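As structure tokens, the structure follows; a few thoughts come after it.
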Amino acid sequence: MSFMGDLMNPAPLWHNGPSPGAFYSFPGNATSLRPTGHTVQDFRAHSATPITTTTTVIGLRFDKGCVLAADTLGSYGSLARFRDCNRLQKVNDLTLLGAGGDYADYQYLRDIIEQKIIDEQCIGDGLQLKPKSLHCWLTRVLYNKRSKMDPLWNNYVVAGVQDGEPFLGSVDKLGTAYEDATIATGLGAYMATPLLRDATEKGPLDEESAKALVRKCMEVLFYRDARSFPRYQLGVVTSAGVTVEEPVELKHDWSLAHMIHMK
Amino acid sequence: MASVLAPEIPAPGFSFENCQRNAFLDQKGFPAPKATKTGTTIVGIIYADGVILGADTRATENTVVSDKNCQKIHYLAGNMYCCGAGTAADTEMTTQTVASQLELQRLHTGRTVPVETAATLLKRMLFRYQGHIGAALVLGGVDRSGPHIYCIYPHGSVDKLPYATMGSGSLAAMAVFEARWKPDMSEEEGKKLVRDAIAAGIFNDLGSGSNVDLCVIRTTGPAQYLRTYEEANVKGKKQGSYRYPLGTTAVLRQRIIPLEVEAVSVRQVQPMDE
């Protein structure tokens, strides 16, 4: 009988339900991820792997605002396919949004956010979406999608000024959200974070030194990130407003190549 | 059967005798044990007068720090030292083996051994073991042709570079080098740069920590091993004391009960020895 068991093989406590320690696909929802990725019955695609990807976003808070930087490359696996993917977006006069990860998922959310701003302008009550609100909203959306096993494969960086204080926050594809003086996504988390933290701990930064530090980090990342590009954009948000600059070419120095001989 | 007079010379090439047995054991549920990595930041740079090597001092067993102040810069010869990342036993024994081979070479030729010799000996040994010896090394030294830094990977490949980092904290340290290294630095600048790179690893990588060790090898003069160049993580001082002074608890009553001696007896015991 199935309800008899011995010490080594105890009878299951229930049938047709989750088995402890195993992945359970809730009926009527996104079905379990298989190695092939998609199921035949559910025609709605599930984000199993990112396709066109973008790399690091760097964010740095200075005394009067925040600066964000991101390069303009959309990689198709290891192919440098799209060389003008802008991923810094002026949301409104108080908020700047940067994104890395799957570019299609970012474009989807970008259109939704743009529509939100248009709706707000149509209401016309003078109230604007604040950076912390956008951060909170993004967290809820991304966590909800991931809980349905269909994540938006992105890492967002929200920068802005709220109540006179600069705000810098990050949300990733799992819905992990936090706020910090320095944020770097992707490979920048390993390479740019030490440089940014070192400068922040030495004392308060002003706009020019913050921008110079961020440009230095973009240069270091170009040397060491295999999916990076020498063309990047800088965005600055202060209480005076948001400026997203045109993409600039990075200055990189390969003169030490002549010092390397295998002999 | 081997003996001193007729030693058994092993057949040349790789031995694959145990592969089938290992695969069988793996399939039966007894996989090969995983070597524990040590999590490290090790670096080396070339500056105006020689090389500077740096290392942190934390040894980990998975998520526990097993040694708060270990030595990761190993002696190879008077003119070269080697930092080791990866499995601690592998780096220690590999560098000791090669150090003894280098000493024999030095006695045989009567000259200082070139750094390239050490790199060649290390890479030949590591390649022979196909990566099973988990030793990732930054070898630095000075010889007749100048200062050299070599990066040697566990599978046996070698990179010769003006600055190198290895270990779990290598990305943090490499970021510092890519931002600030330039050729022909002075000794003070070089030591500060290496110290900052190790500090970046210590504070941003969980596998590295504790103190900074430096080793300066100049083109002129002996190598200078600065053990604990900087104590980056000093244990905090206790702010207060939990000891209560005498009299904190009031004594209400005191009663002394003497132990009464009932009987005294003496017994002779034989001594144990002599």
Side-chain angles (χ1 to χ4, degrees), chain A residues 8 55-60 69 71 178 180-202 205 209-228 230 232 250-263, chain B residues 41 43 45-48 51 56 114-117 119-120 123 143-152 157-165 167-185 192-193 195-208 232:
Chain A
M8 292 296 118
T55 182
T56 313
V57 179
I58 300 183
L60 180 60
D71 67 18
Y178 65 96
D180 202 353
T182 66
I183 289 185
T185 67
L187 200 78
Y190 297 93
M191 300 217 71
T193 303
L195 300 171
L196 295 169
R197 279 185 186 164
D198 196 43
T200 319
E201 272 151 28
K202 285 204 178 89
L205 291 163
S209 45
K211 281 163 83 165
L213 176 60
V214 164
R215 287 189 208 279
K216 191 73 190 166
C217 289
M218 293 304 289
E219 187 188 335
V220 170
L221 282 168
F222 176 62
Y223 293 139
R224 291 285 160 174
D225 183 358
R227 301 283 182 269
S228 60
Y232 69 100
L250 212 156
K251 286 183 212 13
H252 41 108
D253 176 22
W254 297 91
S255 59
L256 69 74
H258 71 88
M259 294 190 65
I260 302 176
H261 356 260
M262 275 308 298
K263 194 48 208 95
Chain B
T41 309
V43 306
I45 61 162
I46 293 181
Y47 74 107
V51 300
D56 74 308
V115 185
E116 199 183 352
T117 308
T120 307
K123 82 175 180 203
D143 57 28
R144 261 174 37 117
S145 48
H148 306 278
I149 291 276
Y150 288 89
C151 224
I152 304 166
S157 62
V158 173
D159 280 332
K160 189 172 185 307
L161 298 162
Y163 52 91
T165 68
S168 56
S170 63
L171 275 81
M174 186 50 86
V176 174
F177 281 166
E178 291 286 17
R180 287 163 43 192
W181 186 89
K182 48 189 205 295
D184 292 322
M185 281 187 292
K192 173 114 188 19
L193 183 64
R195 181 251 154 225
D196 286 345
I198 300 291
I202 287 175
F203 293 116
N204 293 291
D205 173 45
L206 295 173
S208 314

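Because the structure is predicted, anything quoted here is derived from the model rather than measured. Every chain is numbered from 1, with letters handed out A, B, ... down the list of sequences. Excluded from the calculations below are hydrogen atoms, water molecules and symmetry mates; all remaining heavy atoms, backbone and side chain alike, are included.
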Can you tell me how far apart [atom1] ([X]) and [atom2] ([Y]) are? Round to the nearest 0.5 Å.
| X | Y | atom1 | atom2 | result |
| --- | --- | --- | --- | --- |
| B/Glu178 | A/His252 | CD | NE2 | 13.0 Å |
| B/Ser168 | A/Tyr190 | OG | OH | 10.5 Å |
| B/Asn204 | A/Leu195 | CG | CG | 9.0 Å |
| A/Leu256 | B/Tyr163 | CG | OH | 4.5 Å |
| B/Lys182 | A/Asp253 | NZ | CG | 12.5 Å |
| A/Ile260 | B/Asp159 | CD1 | CG | 8.5 Å |

Open item on the list: Looking only at heavy atoms and a cut-off of under 4.5 Å, which of B/Ala119, B/Ala200, B/Ala179, B/Pro162 has the most pairs with chain A?
Closed with: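 Result: the option with the highest number of such pairs is B/Ala179.
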